[in-house]
Amino acid sequence: MVVNKEMLGFENDNNGHSSDIDTSLSLLVNEISFSDIENSQAFYDMVDQLMLIVGDDNCVIMANKKAKDYFGFETCPLNEDFIELCIPEQEKEFATSFISSFFQESPEEAASTCSTELLFKDPGGSISTFLINVSLLKDRDSSKKAVIISCVNIQDKNNFENEMLSDIEKLFKHLDSVPYALVFSDYTGKITFWNRNATKLFGFTKDEIIGECITKIMPKRYRKAHEGWDEIISIGKSPIVGKIIEVTGLRKDDTEFPIEMAITTTRYKGDIFHGAIINDISQRKMKERLTSIAKNKYRMMFEKSPLGIFHFDENGVITQCNEILVRILGVPEEQVISQIIGFNIIDSFSDDHNLKKAIRHVLAGIPAKYEDDFQSPFSDKIIPIKAEFSPVVSDEGKFMGGVCVVEDFTERKAAERELNQYAEDLAKANEELKSLDRMKDEFISNLRHELKTPLIPIKGYSELMYEGAMGELTQKQKDAVEKMMFSSERLRRLIDSLLYVSITESGNLEYTFLPLRISEVIDSALHDRDPEIKRKKHVVEKTIPSDIPLINGDLDYLEEVFINIIDNSIKFMHDDGKITITGVLQEDNKIHIKMADEGIGISEENLPNIFNRFYQVDGSSTRKYGGNGLGLYICKKIIEAHSGSIWAESKEGSGTTIHILLPAK
């Protein structure tokens, strides 16, 4: 039995002494004549261990050659204190207590062991671990006592064990960080190792699971049914060892989930140990389930489709088809295998046949179409068909042939013939209507020309007079000319509005869509109404980001929208009013324009009607504000023609905000 500090009741900061050495020795007591010790020196020098005789005063009485060489006694006389000379500071208290215990008079207090590990130091200060065996010596001639100590250096053994422990520690740190759950158990099924990913997977911490039975992570209904588990526990062999199996795991919260597991088993010092590498395959199982569902859906679509479908391989050979195709081709059901399946499309048609050209396109990886009357190679049927071919490529990029969807449009052809005849009849009936439309268009065009022609010189001469090109005007004359200019412009816009409504109703209005910057369209409208804005001393604030996307629009008509809205703000707002224009790009890729004023506003009752044709809030003959009630109606029509929307927010006495949404390009 080995002595250590804890057994003797001592505590200090140095390492504990090993209890792995079981000598099972009782204390040896020898009676010798101390005067003969010197004569025995030659004998002790022959021993291949460090040998020392130490008195009850801790002084060295004898040291053999090996001890003298190690401790440097050649340069140091004997009778020196053994503890001071040989023992490092951290070991002195234990060494003193251990040696002195051999000299106790009371048997109860005497040392009960004669072996321990002890640290020794050499003259250079190096410290090594020694295993020492101690025997008590009594002098025959006196009451003196001493101990004889034999010492074996076990430092290399300890270093090896420490390195091995360090390697094991590194191994376990590595196992703790592997990307799979790793679980070890002993031959009884008790869990002995549990890494971090096992905690993530099952929810148990190390403290909760170490020492528990491995069945704790198995569903209760499977604990006895897991194939080979009882055999693994009893003899360490099973048909599942060394294989990857799929089973069900049990989490701490009692939820079950599918796992993939590889089990290994090994023997160490006669005991059986097991290891399991575990991976959560919930996502894979879900993907497999979804794939299975998708396959079933595809099979149902394939079989139940109202269209004919067939698949052909990379050589143009038909490998699969549905019932509808069989009916289209006019093949008896019992002859499908012999006639359709295995039919080579490439070899069965001439090179100039459009169907063969379509197949070759697909085999080159290019989708193709075929639409024509088709002579079935399996019967005398001539069928008008429409066929769409698509190449089939696997997830790994491998070409697997193609698939074709076939539509028999015999009925459609008959319907087309009837429709063509009906169209001819309609064409004849509409010839007179077209003639009337042309007359109407010509009339409108002439009317517009006749109405606008006299306005051009009126507007032109008014502007020249206003600018002083025809002589200086008095202020009163200038004001009169200005009113003429505004009235002519108002008349022009009235004519344009009426003509726009007329053309719109006839369905002959055409837009020219071009990429436009909405900010520039609004600037152009503001420039057009600039004289009126200045006359009424209105302030315009426009905030539209420069990086806002372009739109597709008709410049003239969109400019007319913003002119109408600005004109309403000018008309219904007191002098020194403010017009605020903002624009933002919304998440739905639409540009939102807001045009707000500080005008008289619109009542809740009238607001829903302001975009109606010819509607005016005040329609009486004594109304204060002019207008024909077409401005906002035309705005709505133009914005809707641009795939946008327009609406208004207003309160009576609190101004009006017009909202416009236009899709970005």
- Item | Heavy-atom side-chain proximity of V362 to I366 below 4.5 angstrom | no

- Flag side-chain contact, heavy atom, 4.5 Å: P332 against Q335: yes

- Query: Would a line drawn from the ring center of H642 to the ring center of Y557 be shorter than 6.0 Å?
  - Reply: no

- Message: Other residues, nucleotides and ligands only: do more than 12 of their heavy atoms fall within 6.0 Å of NE2 on H361?
- Response: no

- In Å and rounded to the nearest 0.5 Å, what is the CD1 to CD1 distance from I214 to I191? 4.0 Å

- Item | Backbone N/O of G203 and side chain of T199: donor-acceptor pair under 3.5 Å | no

- Sidechain-backbone polar pair: N552 side chain, A664 backbone, donor-acceptor under 3.5 Å: no

- Message: Tell me whether N564 contacts the main-chain N or O of L632 through its side chain, where contact means a donor paired with an acceptor under 3.5 Å.
- Response: no

- Message: With heavy-atom distances below 4.5 Å as the criterion, would you say the side chains of F611 and I646 are in contact?
- Response: yes

- Just wondering, are more than 12 heavy atoms of other shown residues or ligands nearer than 6.0 Å to CD1 in I277? no

- Check E314 against L363 and note the closest heavy-atom contact, atom names and distance. O-CD2, 3.6 Å

- Measure across A181 and L201 and return the closest heavy-atom pair with its distance rounded to 0.1 Å. CB-CD2, 3.7 Å

- Item | D554 side chain vs T512 backbone, donor-acceptor pair below 3.5 Å | yes

- Item | Note: R251-D280 ion pair, threshold 4.0 Å (strictly below) | yes

- Query: Do you know the tightest heavy-atom contact between E256 and P219?
  - Reply: OE2-CB, 3.6 Å

- Answer yes if the ring centres of W194 and F184 are under 6.0 angstrom apart, and no otherwise. no

- K594 and I658: side-chain contact (heavy atoms from CB on, under 4.5 Å), yes or no, with the steps? CA-CA 6 Å; K594 294 181 185 178; I658 301 296; over 6 Å; no

- Check whether any side-chain heavy atom of V247 sits under 4.5 Å from a side-chain heavy atom of M218, and report yes or no. no

- Query: How about E212 and F204: do any of their side-chain heavy atoms sit closer than 4.5 Å?
  - Reply: no

- Message: For a 4.5 angstrom cut-off between non-hydrogen side-chain atoms, does I340 reach V326?
- Response: yes

- Task: Answer yes or no: is there a donor N or O on one side and an acceptor on the other, between the side chain of S376 and the main chain of L329, under 3.5 Å?
- Result: yes

- Would you call D351 and R360 a salt bridge, using N to O less than 4.0 angstrom? yes

- Query: If you take all heavy atoms of I383 and I328, which pair is closest and at what distance?
  - Reply: CD1-O, 3.3 Å

- Query: So Y370 and F374, would you call those rings parallel, tilted or perpendicular, with 30° and 60° as cut-offs?
  - Reply: perpendicular

- Query: Passes ring pair (Phe, Tyr, Trp, His ring centres under 6.0 Å), F343 versus F312? Steps please.
  - Reply: CA-CA 9 Å; F343 180 78; F312 51 93; over 10 Å; no

- Task: Please test K386 against E388 for side-chain contact (heavy atoms from CB on, under 4.5 Å), starting from the C-alpha separation and ending with a verdict.
- Result: CA-CA 7 Å; K386 178 181 179 181; E388 295 199 7; 3.7 Å; yes

- Message: On a heavy-atom basis, which atom in I660 and which in F562 lie closest, and how many Å separate them?
- Response: CD1-CE2, 3.8 Å

- State, yes or no, whether a side-chain contact exists between F409 and E371 at a heavy-atom distance under 4.5 Å. yes

- Message: For a side-chain contact (heavy atoms from CB on, under 4.5 Å) check, start with the C-alpha distance between C635 and I565, then their side-chain angles and the critical distance, and finish with the verdict.
- Response: CA-CA 8 Å; C635 290; I565 296 170; 4.2 Å; yes

- Residue pair I210, T192: steps toward the side-chain contact (heavy atoms from CB on, under 4.5 Å) verdict: CA-CA 6 Å; I210 296 295; T192 58; 5.9 Å; no

- Task: Determine the minimum heavy-atom distance between K356 and S350, stating which atoms define it.
- Result: CD-O, 3.3 Å

- Step through the shown structure and confirm whether more than 12 heavy atoms of other residues, nucleotides or ligands are within 6.0 Å of NZ on K665. no

- Query: Is it the case that more than 12 heavy atoms not belonging to Q283 sit under 6.0 Å from its CD atom?
  - Reply: no

- Query: Does any non-hydrogen side-chain atom of I278 lie less than 4.5 Å from one of L182?
  - Reply: no

- Between E246 and R284, does at least one N-O distance fall below 4.0 Å, as a salt bridge requires? yes

- Task: Kindly check if the number of other-residue, nucleotide or ligand heavy atoms within 6.0 Å of NE2 (H527) is above 12?
- Result: no

- Item | Flag, side chain of S348 to backbone of I345, donor-acceptor distance under 3.5 Å | no

- Just checking, is any N or O donor in the side chain of D408 or T410 under 3.5 Å from an acceptor N or O on the other one? yes

Contacts under 3.5 angstrom, residues 517-524 side chains, donor-acceptor by atom type, not counting sequence neighbours:
| residue | atom | partner | partner atom | Å |
| --- | --- | --- | --- | --- |
| S519 | OG | K542 | NZ | 2.7 |
| D523 | OD1 | K542 | NZ | 3.3 |
| S524 | OG | E559 | OE1 | 3.1 |
| S524 | OG | E559 | OE2 | 3.2 |

